[in-house]
Amino acid sequence: MKLFHISDLHLGKRVYEFSMLEEQQELLQTILYKIDTEKPDVLLITGDVYDKPIPPVEAVRLLDWFLTELAERRLATYMIAGNHDSAQRLEFGKELIGRNGIHISGSVVEKIEQFIETDEFGEVRIWMLPFFKPAHVNSMLEESVSSYGEAAKVLLDCAEIDFSHRNIILVHQFVTWKGTAERSDSEMISLGGVEEIDASLLFGFDYAALGHLHSPQRMGKDTVRYAGSPMPYSFSEIRQKKGITVVNLKEKGNISFDFIPLETKRKYREIKGPLQGLIDAAKAEGRSEDYIRCILTNQEALLDPIGQLRSVYPNLMTLEFAPRENGFEQEIAVDTEEIRPDELFAMFFEKQNEKELDETQQKILGHIWKGLEGAE
């Protein structure tokens, strides 16, 4: 049995207010082309199908088109909700859609849903574990767990899984191995480790298809894997290899993996240098449609750098300035017991900006300082 594993589509996402719908449609068309040429038996989609619980109409239409194309190909498809999805909205029409081989699980009701696929080696049991919170498990099963790991263990125990068979599970959670995983800026960050689920909980499955983290990676062993997002959704992801995880499942214990890279016409790129040098380079190579993060190294004041850059980089997403050579890296040596904080700030401002506070700025600083003294 050959399976395609994709995840974290985030349909409808905007990055720096740029819509990604055009790239997302391009990627889904490429995935369909790979399905036609590679002939997988099953497609797994492990959550964060949409970017928001209430997705834009265009994103809903895009998913509707994609699922219709999958149904026409009679490709068995299993899709779960992620933390970005609305379980109820994603599940709309699930019974009708399920009759066409598209199986959707938005939330756990009583216990984990199970489906069965067959090949020449017998049955493959597919388990659907969409995003959940411990409070939901406590309410549903009258438990008193406090962490996601404890809640996941309760749900798996209730499923009474027979591991002598071949079992695949779809999971959308923050699964880590020994407390580590590669994260990206576009993911929701939590603190304290309470949301972590240790990958060892899933080691008994023949394959655990994970969603949530955007970097393709294994967790503890080859059979526990994040597919990652199909395209970058932040500049921290531009060096990650995006694509489709291909799972080749044979008899129990015999499994291998391949990877099909995915790319879009527009790339995410970082450029760094002086303003005029970057403009000249862009003109030399031709107007670029790539999504750009620009870091300017100019020390002097500039007139409308964004406007100048967008004349050659129309999809400039973010503009930053490299630290000034005489800025934060230089220390200001003073006796902090002999100088007031407002005077210290004035010295810092002068060092950073190569000029003193003007009269208006001094008045504003004095007003703020008086207010702080009064608050004490």
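Within 6.0 Å of CD in Glu22 there are 12 or fewer heavy atoms belonging to other residues, nucleotides or ligands. When the shell of 6.0 Å around CD of Glu285 is examined, it contains more than 12 heavy atoms from other residues, nucleotides or ligands. Glu26 CD: more than 12 foreign heavy atoms inside a 6.0 Å radius. With a 6.0 Å radius and a threshold of 12 heavy atoms from other residues, nucleotides or ligands, Lys272 has its NZ atom at or below the threshold. Enclosure of atom OH in Tyr16 is not indicated, since only 12 or fewer non-hydrogen atoms of other residues, nucleotides or ligands lie within 6.0 angstrom. In the displayed structure, Arg61 atom CZ is contacted under 6.0 Å by at most 12 heavy atoms of other residues, nucleotides or ligands. Dense packing is recorded around CD1 of Ile116, with more than 12 heavy atoms of other residues, nucleotides or ligands lying under 6.0 Å away. For Lys153, the NZ atom is loosely surrounded, since the number of other residues' heavy atoms within 6.0 Å does not exceed 12.
The two residues Ala199 and Val175 have their closest heavy-atom pair at CA-CG1, 3.7 Å. Between Ile126 and Leu170, the closest heavy-atom pair is CG2-CD1, 3.7 Å. Contact detail for Met219 and Phe203: the closest heavy-atom pair is O-CE2, 3.7 Å. Of all non-hydrogen atoms in Leu262 and Ile244, the two that sit nearest each other are CD1-CG1, 3.9 Å. Across every non-hydrogen atom of Ser86 and Pro53, the tightest pair is CB-O, 3.3 Å. The two residues Gly12 and Asp51 have their closest heavy-atom pair at C-CB, 4.3 Å.
Side chain to side chain, Arg269 and Ser288 meet the donor-acceptor criterion of an N or O pair below 3.5 Å. Judged by distance alone, the side chains of Asp290 and Asn315 never bring a donor and an acceptor atom under 3.5 Å apart. There is no side-chain donor-acceptor pair under 3.5 Å between Thr118 and Glu123. Between the side chains of Ser229 and His10, not a single donor N or O lies within less than 3.5 Å of an accepting N or O. Remark: the Asp280 side chain and the Gln276 side chain contain an N/O donor-acceptor pair separated by less than 3.5 Å. Remark: the Lys363 side chain and the Gln361 side chain contain no N/O donor-acceptor pair separated by less than 3.5 Å. A donor-acceptor contact under 3.5 angstrom links the side chains of Ser234 and Glu237, judged on distance only.
Side chain of Asp85 to main chain of Gly82: a donor-acceptor pair is present (N/O by atom type, distance under 3.5 Å, no hydrogens or angles).
Look at Glu72 and Arg74 and you find no salt bridge, because none of the NZ, NE, NH1 or NH2 atoms lies under 4.0 Å from a carboxylate O. Looking at Glu91 and Arg89, no side-chain N of the basic residue comes within less than 4.0 Å of a carboxylate O on the acidic one, giving no salt bridge. With salt bridges taken as basic N to acidic carboxylate O contacts below 4.0 Å, none links Lys265 and Glu289. Using a cutoff of 4.0 Å between basic side-chain nitrogens and carboxylate oxygens, Glu270 and Arg239 are scored as salt-bridged. Using a cut-off of 4.0 Å between Lys/Arg side-chain N and Asp/Glu carboxylate O, Glu95 and Arg99 are scored as not salt-bridged.
Checked against the 6.0 Å centroid criterion, the rings of Tyr226 and His212 do not qualify as a close aromatic pair. Taking the six-membered ring where the residue is Trp, the centroids of Phe205 and Phe163 are separated by under 6.0 Å.
Judged by the 6.0 Å distance and 45° axis criteria, Lys252 is not positioned over the aromatic ring of Phe121. Judged by the 6.0 Å and 45° rule, Arg293 forms no cation-pi pair with Tyr268.
Ring geometry for Phe131 versus His172: interplanar angle over 60°, hence perpendicular rather than tilted (30 to 60°). Aromatic ring orientation, Tyr291 versus Phe18: perpendicular (interplanar angle above 60°, classes split at 30° and 60°).
Here the straight-line distance linking atom CG of Asn254 with atom CG of Leu249 works out to 8.0 Å at 0.5 Å rounding. The CG atom of Leu155 lies 5.0 Å from the CE atom of Met140; values are rounded to the nearest 0.5 Å.
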Notebook entry, point to check: How far apart are the C-alpha atoms of Trp127 and Tyr78, what are their side-chain angles, what is the distance that settles it, and do they pass the ring-ring contact (aromatic ring centres under 6.0 Å, His included) test?
Noted result: CA-CA 9 Å; Trp127 304 85; Tyr78 296 88; over 10 Å; no
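Taking 4.5 Å as the limit, some side-chain heavy atom of Asn248 sits within range of a side-chain heavy atom of Val246.
Screening Pro232, Pro230, Pro261 for a side-chain contact (heavy atoms from CB on, under 4.5 Å) with Lys242, the sole residue that qualifies is Pro232.
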